[in-house]
Amino acid sequence: MTDGLRIKDLSVTFQLRDRDVRAVDGVSVHFPAGQITGIIGESGCGKSVLGMAVLGLLPPYAKAAGSITLDGSPLLGTRRALGVKLGLIPQNPAESLNPARTVQAHLSEALRPLSLSRREAKAWSAQLLRDFGFPDPARVLKAYPHELSGGMQQRVLCAVGSACTPAWLLADEPTKGLDSALRDQVLDTLGSMRGRGVASMLVITHDLTLARSLCQSLAVMYAGQVLEMGQGVLEHPLHPYTAAFLNALPEHGFQPIQGIAPRAGQRLPGCPFAPRCPHCRERCTRERPGACQPESQHMVRCFLYE
Amino acid sequence: MSDILECRQIVKTFRPCLRRAPIQVLDHVDLRLCQGETLGLMGPSGCGKSTLARILLRLIPCDGGTVLFQGRDITHLSGQALLPFRRQTQLISQRPETFFDPRWTFQQSLTEPMDIFHIQGGRRAMVAELLDQVKLTDELLTRRPHQVSGGEIQRLALVRALLLQPRVLVLDEATSMLDISVQAQILQIIKEVRRRYHLSCLLITHDREVAEYMCDRIQTLPAEPRGGPV
């Protein structure tokens with residue numbers, strides 16, 4: 001059964017000393033299998049928290065409610081699928097690899113769910129590195145992270161994330177802080193992963209160039225909610241937030257979004273973008289807009305389209 | 001236009017460890033930053049952009065070449081003799097959180113440079129004016145680095161740099177870790193403070209669109225550092 005990844009009424013709250021911060025606020029989305037879906041939005045909008053909830057990697061002080069299912073089996077609160085059905089490519093390659101361990105040690109750990117012998121694990125690791133463009137895997141397996149360039153570290157992480165050939169892969173900000181040459185390299189690597197058994201991908205990013213070239217559909221998050229989702233989001237944005245976000249692109253003259261983003265955990269009774277929205281009406285400040293579908297395969301939460 | 005900061009024939013070699021061959025990162029590089037201009041310094045990762053900036057700011061020594069500030073050779077100055085130069089050139093980095101003491105509030109972090117350079121009168125008014133300039137409120141001054149967002153800490157780093165009324169601002173990948181809307185906001189603020197305070201800026205970036213939007217002139221460093229024996 002390939003129903004894909006279904007998230008229903010998911011809320012994630014971090015219980016801090018003095019207050020509760022709701023990072024994900026009632027998200028209901030369906031990520032179909034066999035597609036690359038991007039999750040875009042500003043820093044702090046809850047993209048990575050949503051990803052960590054899917055992977056079961058939320059910290060102990062986070063409280064999650066709602067449901068997440070992968071092909072019908074529940075995921076929320078478990079790590080059963082991690083590594084086997086769901087792989088992760090974390091952000092910041094330099095910080096995600098253990099500086100005291102070799103590449104072989106990283107790959108052996110990732111291959112543990114397959115219960116391979118040491119010799120088999122070594123052969124599989126070498127093959128994985130070869131698949132990710134390392135012509136001399138024996139040398140790379142013995143290397144420590146500091147002996148690799150940024151692009152090589154990123155490719156090692158891709159190999160670690162896809163070691164058990166998971167059907168789904170989650171890439172968290174794979175191009176953050178990289179120069180354009182490395183960005184292109186990562187883009188090629190991610191694109192080629194679909195030929196290595198990874199059928200579906202979730203790419204969390206604020207790099208719209210990456211989103212445009214790699215993803216078939218996009219979900220736009222703001223203040224813990226998905227405001228717009230579907231195909232053609234970048235070409236034809238429907239939500240005023242998406243349109244304002246795209247105005248910050250170089251081709252639109254680096255125009256920042258007016259107003260101030262809500263503080264972490266600040267909950268508004270209506271649309272979270274209402275205080276900054278040029279189309280804000282009285283209703284937007286007191287009522288939360290429901291999902292509507294003005295175009296085929298394009299959902300938006302805005303009263304403008306009701 | 002006269003040059004405010006210049007380097008001539010800079011050479012820099014790093015030795016990773018005793019058994020390995022040294023890597024020559026900068027090979028007789030020249031750079032001129034004119035009064036009031038914004039110069040973009042571009043090149044791929046590892047080509048020596050940040051190393052060159054650190055040599056220009058006299059934060060690390062060079063193996064050969066000369067650094068001139070307002071026409072004066074400062075390559076071999078040290079200690080007290082460098083203090084006036086330190087005040088007039090400020091660095092904003094890609095990771096501003098590493099520039100702030102995690103135990104201190106921003107109030108303490110903003111006071112420290114004014115103590116070092118004996119700036120006495122009108123401190124509160126200066127901070128208030130600059131916070132207003134970067135569109136922040138003084139409510140943030142009681143917080144610590146982990147309690148603010150990436151865009152807020154980058155703007156606070158800008159406030160701390162501007163408190164010393166510098167002539168030159170070096171922005172080392174200052175917006176590369178920020179998302180596009182915060183990046184746009186910071187770029188607009190930098191444009192505004194540059195105009196208002198007549199600053200000369202060296203903008204290090206690997207984003208050509210940012211460089212073309214912000215800079216009067218762009219200089220590109222060669223792609224690869226030269227490995228092997230030198």
Side-chain angles (χ1 to χ4, degrees), chain A residues 16 18 40-45 47 91-95 146-147 149-154 173 175-185 204-211 221-222 234 241-264 276, chain B residues 16-17 20 23 42-47 49-50 93-95 134-137 139-140 143 146-155 172-192 204-214 220-221 223-225 227:
Chain A
L16 305 184
D18 52 344
I40 60 170
E42 291 172 277
S43 303
C45 70
K47 316 184 282 288
Q91 54 177 296
N92 296 334
E95 290 167 22
H146 74 274
E147 295 175 299
S149 71
M152 289 162 93
Q153 289 174 348
Q154 185 72 52
E173 304 275 17
T175 55
K176 195 173 184 178
L178 300 183
D179 66 30
S180 55
L182 281 179
R183 206 164 62 176
D184 292 346
Q185 213 174 336
I204 296 172
T205 186
H206 56 67
D207 179 348
L208 297 185
T209 316
L210 174 90
M221 281 191 78
Y222 182 75
L234 296 181
Y241 167 69
T242 316
F245 189 58
L246 297 181
N247 275 341
L249 282 169
E251 56 262 39
H252 299 130
F254 293 104
Q255 296 172 53
I257 304 174
Q258 296 304 310
I260 299 165
R263 281 183 56 200
R276 307 169 83 183
Chain B
C17 65
R20 291 206 185 162
I23 298 166
M42 292 197 66
S45 298
C47 73
K49 305 184 291 287
S50 298
S93 93
Q94 183 180 20
R95 291 185 169 268
V134 300
K135 299 175 177 58
L136 291 177
T137 60
E139 182 247 342
L140 287 181
R143 298 202 207 163
H146 70 278
Q147 295 170 313
V148 297
S149 70
E152 284 170 340
I153 199 165
Q154 196 57 285
R155 283 181 277 172
D172 188 0
E173 303 277 15
T175 59
S176 70
M177 297 301 275
L178 304 173
D179 64 58
I180 56 160
S181 64
V182 182
Q183 180 192 53
Q185 202 175 29
I186 299 285
L187 292 179
Q188 302 300 344
I189 288 169
I190 292 170
K191 267 197 154 183
E192 176 58 26
I204 298 170
T205 181
H206 50 65
D207 190 333
R208 180 153 288 276
E209 283 155 333
V210 169
E212 282 172 357
Y213 180 70
M214 295 290 289
T220 308
L221 288 185
E224 291 293 323

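The model shown is predicted, which means the values in this text are computed figures rather than measured ones.
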- [ ] Could you tell me the separation between the CG atom of B:D179 and the NZ atom of A:K47, rounded to the nearest 0.5 Å?
- [x]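 Rounded to the nearest 0.5 Å, the CG-NZ separation comes to 6.0 Å.
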
Task: Point-to-point distance, once rounded to the nearest 0.5 Å, from CD1 of A:I40 to CD1 of B:I180 - done: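 The distance works out to 7.5 Å.
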
- [ ] Please indicate whether A:Q258 has more than 12 foreign heavy atoms, meaning atoms of other residues, nucleotides or ligands, lying under 6.0 Å from its CD.
- [x]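 Count not over threshold, so no.
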
Interchain contact, [X] with chain A, by part (heavy-atom threshold 4.5 Å):
X	value
B:L187	side chain
B:Q188	side chain
B:I186	neither
B:Q94	side chain

Open item on the list: I'd like to know which of A:P256, A:G253, A:A248 tops the heavy-atom pair count under 4.5 Å against chain B.
Closed with: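 Answer, by heavy-atom pair count under 4.5 Å with chain B: A:P256.
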
Open item on the list: With a 4.5 angstrom heavy-atom cut-off, is it the side chain or the backbone of A:Q91 that approaches chain B, or both, or neither?
Closed with: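 Contact with chain B involves no heavy atom of A:Q91 at all.
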
TODO: Compare every heavy atom of A:Q255 with every heavy atom of B:A184, then report the nearest pair and how far apart it is.
DONE: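 So the minimum-distance heavy-atom pair works out to CB-C, 4.1 Å.
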
Open item on the list: Can a donor-acceptor pair be found, under 3.5 Å and without considering hydrogens, that links the side chain of B:Q183 to the backbone of A:F254?
Closed with: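 Here the side-chain-to-backbone pair does not exist.
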
